[in-house]
2 protein chains.
Amino acid sequence: MSDSDGSVSKETGRPGRPKRTDARRNEKTLLDAAATVFVTSGVDAPVRDIAAEAGVGVGTIYRHFPTRADLIVAVYRHQVEACAGAGPALLESSATPHAALREWIGLFVDFLVTKHGLAGVLQSDNAGFETLHAYFLDRLVPVCSQLLDAAVASGEIRTDVEAYALMRGVGNLCVGADSDPRYDARPLVDLLVTGLRQPR
Amino acid sequence: MSDSDGSVSKETGRPGRPKRTDARRNEKTLLDAAATVFVTSGVDAPVRDIAAEAGVGVGTIYRHFPTRADLIVAVYRHQVEACAGAGPALLESSATPHAALREWIGLFVDFLVTKHGLAGVLQSDNAGFETLHAYFLDRLVPVCSQLLDAAVASGEIRTDVEAYALMRGVGNLCVGADSDPRYDARPLVDLLVTGLRQPR
DNA sequence: CCTTGTTCCGGAGCGGGGTTCCGTTTGATC
DNA sequence: GATCAAACGGAACCCCGCTCCGGAACAAGG
């Protein structure tokens, strides 16, 4: 969704008429504004705040990004793609598949904990965020699965853990990791990854 | 807070005048109603729903339980106390301290995942729930710490994990464990506890 | 440049949920 | 029964997400 050009729809492939220039401009403005507001007020920031920051009406936000999840996905798409792309690379550059998995998960955690409240909203039980949930899963679970399979193949880890569950668990451990100085998710995530190793 | 009698304040010890009988009755009614509604609609259920279930006005709820956290704490106090009490008992009955820790955490997880949304609201980043957070921590962290110390003393586990972090992590892993049939927190919690073991 | 059709925008307004506030009721006391 | 503080109820208020429509901005053709 939301091509830089807008002359074709990515989902259908049908050639939709290109967007008007003011519409394209507003979309960019909105992404910048949302990114700014997300940093200071978290991803749950009131829609009106984002609209104010961008200098547009709330209607404009909903026209470009029907759900909050769409907006969040658009803002963080680049970083998620980068994270997904790093998976195979780490698999080659690391000493063992398990080490690659550990490092990749570290990247994911670093991404999550620097976005106020993102982890908290990644849970599917929050109605209306299925899109967000789905995007992260579609993009990252396959990568995680690849790393996991490699580690299984090399005999380093147990075989009874699904990529989905692992991603979900790591995401959960990051909930509230910002906003509470007493809590650092990283050591616990490491513990989890350590626990994956075969107990022999 | 909220004595059965009300003739003395637990915090100050000063003898406050006893509550009126209708007030005491309403408090009980409210606890029952809240417990019922929590089961079906989760701990985030609208205040008005709870009021309706109890057959009282919303003002009455706020008078007895100024914040939602107060209400939740009052509803689940018994179970939390039971969990806390089970710690020392398990330490005696189990084969090793690590086994006791594993079982105790299992109890805690069972408690959390059967309460819709409780885990999700246990995070301190949710403004207004510091009371809830504080109560769970005050009550359970010392118990966890005791088990953890015993396991450290017996040389079973590593020494660099704080009770607070562990409790927090386990709680986090339980977020959304209900409401998503694809996600079961227990195996991951087990992984975490396994990861505690000394890697030697 | 003007016209016309269309897209896009702004923000008032609706509904829902949390919280407060105050006039009324009720229990306790004498 | 009279008195008075405690407790109650729910209307009212505010904040927020989301919708909707009258009008402004744009693109295309005359």
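A, B, ... follow the sequence lines: proteins, then strands. Residue 1 opens every chain.
Considering only heavy atoms from C-beta on, F108(B) stays 4.5 Å or farther from V189(B) through its side chain. Between V75(A) and V43(A), the closest side-chain pair of non-hydrogen atoms is not below 4.5 Å.
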Worksheet entry | Pair I105(B)-L192(B), side-chain contact (heavy atoms from CB on, under 4.5 Å): steps then yes or no | CA-CA 11 Å; I105(B) 285 180; L192(B) 196 65; over 6 Å; no
Item to complete: Run the numbers on L118(A) and F111(A) for side-chain contact (heavy atoms from CB on, under 4.5 Å), then give the verdict.
Response: CA-CA 10 Å; L118(A) 215 206; F111(A) 167 66; 3.9 Å; yes
Worksheet item: side chain to side chain donor-acceptor pair (under 3.5 Å) between D70(B) and T67(B): does it pass, once the steps are laid out?
Response: CA-CA 5 Å; D70(B) 294 327; T67(B) 75; 3.2 Å; yes
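Salt bridge status for K115(A) with D178(A): absent, with no side-chain N to carboxylate O gap under 4.0 Å. The pair D44(A)-R68(A) fails the salt-bridge criterion, with no side-chain N (NZ, NE, NH1 or NH2) lying under 4.0 Å from an Asp/Glu carboxylate O. The pair K19(A)-E27(A) meets the salt-bridge criterion, with a side-chain N (NZ, NE, NH1 or NH2) lying under 4.0 Å from an Asp/Glu carboxylate O.
For N26(B), no side-chain nitrogen or oxygen approaches OP1 or OP2 of dA7(D) to under 4.0 Å.
Looking at T194(B) and R102(B), their side chains do bring a donor and an acceptor atom within 3.5 Å of each other.
Near DNA chain C, meaning a heavy atom under 4.0 Å from it, residues 30-50 of chain A has R48(A) in order of number.
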Item to complete: Let me have a per-nucleotide readout for nucleotides 21-30 of chain D, 5' to 3', with B, S or -, counting only protein heavy atoms under 4.0 Å.
Response: ----BSS---
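Nucleotides of DNA chain C with any atom under 4.0 Å from a heavy atom of chain B span, from 5' to 3', dG17(C) to dA28(C).
Counting non-hydrogen atoms of neighbouring residues, nucleotides and ligands closer than 6.0 angstrom, the CD atom of E162(A) reaches no more than 12 such neighbours.
Rounded to a whole Å, the CD1 atom of I61(A) is 14 Å from the P atom of dC16(D).
Heavy atoms of V56(A) sit under 4.0 angstrom from primed sugar atoms or phosphate atoms, though from no base atom.
Residue order along DNA chain C, read from the 5' end via each residue's closest nucleotide, puts G59(A) first among Y62(B) and G59(A).
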